[in-house]
Q: 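Right, I'll just put the structure down here and ask away after.
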Amino acid sequence: QVQLVESGGGLVQPGGSLRLSCAASGFRLDYYSIGWFRQAPGKEREGVSCISTGNGNTYYADSVKGRFTISRDNGKNTVYLQMNSLKPEDTAVYYCATNCRLTYYSSSYYLTSADSWGQGTQVTVSS
C-alpha cells in the first residue's frame, strides 16, 4: 500500500520549534519531489516548501523563508520540515505530498499543487 504519513505536530508557544516528518511506505520518497502544504480554518491551502529529487533544490514560501527548513533522509525514506521561530499565524494542518509543482505568476513562483497526499498533522502556535 502506497502511503504518506505525517507526524510531529503539536502545541507550541510563539518563538518555539517543531520538526514535522513525512514518512513513506510502499514507495521510495527519493524518486519524487516532496512538498509541504498547510491549511488553516477558513483559509485557502498554502504551499509552504518543496524539495526536488536529485540535487535537492528547495523552495520556500515568503511567509516561512528563513524560519523553515526542508530536508530529506533517504535512508529513513522520510522528508522533514524543521520549523523555527513559530508564529500564531503558522497554526494550521500541515500536509506532505508527492510531485510538488510550482506556478509562476506576478513575477514570483508559488507552490500550488501536488499529487498524492498524507492525512495531515495539526500544528498549533499559541501561548
Side-chain angles (χ1 to χ4, degrees):
Q1 183 180 1
V2 175
Q3 193 175 14
L4 286 172
V5 178
E6 301 94 336
S7 62
L11 173 63
V12 63
Q13 292 187 343
S17 297
L18 283 174
R19 189 179 76 161
L20 305 184
S21 299
C22 173
S25 60
F27 67 102
R28 286 180 54 172
L29 266 184
D30 57 334
Y31 286 175
Y32 299 87
S33 61
I34 302 297
W36 285 97
F37 297 76
R38 67 186 181 186
Q39 189 162 23
K43 294 188 176 182
E44 292 188 356
R45 186 182 68 197
E46 178 187 14
V48 173
S49 184
C50 177
I51 186 166
S52 69
T53 58
N55 59 13
N57 287 337
T58 57
Y59 162 90
Y60 297 97
D62 285 345
S63 57
V64 307
K65 202 171 292 183
R67 300 188 297 123
F68 290 12
T69 303
I70 191 170
S71 62
R72 292 181 179 270
D73 186 333
N74 292 335
K76 294 183 178 180
N77 210 26
T78 300
V79 169
Y80 301 100
L81 186 68
Q82 177 68 43
M83 306 188 297
N84 298 329
S85 303
L86 283 162
K87 305 175 182 180
E89 51 263 43
D90 295 318
T91 296
V93 178
Y94 284 71
Y95 302 88
C96 64
T98 62
N99 291 331
C100 44
R101 290 179 288 273
L102 304 181
T103 300
Y104 182 76
Y105 65 89
S106 299
S107 303
S108 295
Y109 284 96
Y110 298 88
L111 178 57
T112 54
S113 63
D115 289 342
S116 301
W117 297 77
Q119 85 291 346
T121 185
Q122 175 71 46
V123 171
T124 303
V125 185
S126 175
S127 54

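Just the heavy atoms: all of them, side chains too, but no hydrogens, waters or symmetry mates, feed the values below.
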Q: Can you tell if the side chain of L11 reaches within under 4.5 Å of the side chain of S126, non-hydrogen atoms only?
A: yes
Q: Measure centre to centre between the rings of Y110 and Y105, then say whether the value is under 6.0 Å.
A: yes
Q: Which atoms form the tightest heavy-atom contact between L29 and I34, and what is the distance?
A: CD2-CD1, 3.2 Å
Q: Within the distance-only criterion (no hydrogens, no angle test), does the side chain of D73 pair as donor or acceptor with the backbone N or O of T78 below 3.5 angstrom?
A: no
Q: Consider side chain to side chain donor-acceptor pair (under 3.5 Å). Of Q122, R38, Q39, which one does Y94 pass it with?
A: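 With Y94 as partner, Q122, R38, Q39 yield a single side chain to side chain donor-acceptor pair (under 3.5 Å), made by R38.
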Q: What verdict does the side chain to side chain contact (heavy atoms under 4.5 Å, CB included) test give for L111 and V48, after you've listed the backbone C-alpha separation in whole Å, the side-chain angles of each residue and the deciding distance to 0.1 Å?
A: CA-CA 7 Å; L111 178 57; V48 173; 5.6 Å; no
Q: If you compare all heavy atoms of W36 against all heavy atoms of C22, which two are closest, and at what distance to 0.1 Å?
A: CZ2-CB, 3.5 Å
Q: Taking all heavy atoms of R45 and all of S113, pick out the closest pair and write down the distance.
A: NH2-CA, 4.3 Å
Q: How long is the gap from CD1 on I70 to CD on Q82, to the nearest 0.5 Å?
A: 12.0 Å
Q: After noting the C-alpha distance and the side-chain angles of Y31 and N99, does the key distance pass the side chain to side chain contact (heavy atoms under 4.5 Å, CB included) rule?
A: CA-CA 9 Å; Y31 286 175; N99 291 331; over 6 Å; no
Q: So does S127 get a backbone contact from the side chain of Q13, meaning a donor-acceptor N/O pair under 3.5 Å?
A: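 Side chain of Q13 to backbone of S127, a donor-acceptor pair under 3.5 Å: no, none is there.
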Q: Do L18 and F37 sit in the same hydrophobic cluster, where Ile, Leu, Val, Met, Phe, Trp and Tyr count as joined when their side-chain heavy atoms come under 4.5 Å apart?
A: no
Q: Angle class for the W117/Y95 ring planes (parallel below 30°, perpendicular above 60°, tilted otherwise)?
A: perpendicular
Q: Is it the case that the side chain of T91 and the backbone of V125 share a donor-acceptor pair, with hydrogens and angles ignored and the cut-off at 3.5 Å?
A: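 Yes, because the side chain of T91 sits within donor-acceptor range (under 3.5 Å) of the backbone of V125.
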Q: Tell me if a side-chain donor or acceptor on Y59 pairs with a main-chain N or O of Y109 at a distance below 3.5 Å.
A: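 Yes; at least one donor-acceptor contact below 3.5 Å.
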Q: Would a hydrophobic clustering, with Ile, Leu, Val, Met, Phe, Trp and Tyr connected at side-chain separations under 4.5 Å, put Y60 with L20?
A: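 Hydrophobic grouping puts Y60 with L20.
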Q: If only atom types and distance count, is the side chain of R28 paired as donor or acceptor with the main-chain N or O of N74 below 3.5 Å?
A: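 Not a single qualifying donor-acceptor pair exists.
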Q: So do the side chains of T53 and R72 get within less than 4.5 Å of each other, counting heavy atoms only?
A: yes
Q: Specify whether F27 and Y32 have parallel, tilted or perpendicular ring planes, treating 30° as the upper limit for parallel and 60° as the lower limit for perpendicular.
A: perpendicular
Q: One pair to check against side chain to side chain contact (heavy atoms under 4.5 Å, CB included): T69 and Y80. What are the steps and the verdict?
A: CA-CA 8 Å; T69 303; Y80 301 100; over 6 Å; no
Q: Taking S21 for its side chain and S7 for its backbone only, find out whether a donor-acceptor pair lies under 3.5 Å.
A: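 Flag not set: sc S21 to bb S7 has no pair under 3.5 Å.
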Q: Using every non-hydrogen atom in the two residues, find where R67 and D90 come nearest and quote the distance to one decimal.
A: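 Looking at all heavy atoms of both residues, the shortest contact is NH1-OD2, 2.7 Å.
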Q: If I compare all heavy atoms of I51 with all of T58, which pair ends up nearest, and what's the gap?
A: CG1-CG2, 4.0 Å
Q: Give a yes or no answer on whether the side chain of E6 reaches the backbone of C96 with a donor-acceptor pair at less than 3.5 Å.
A: yes
Q: To check you understand the geometry: which heavy-atom pair defines the closest contact between L81 and S49, and what is its length?
A: CD1-CB, 4.1 Å
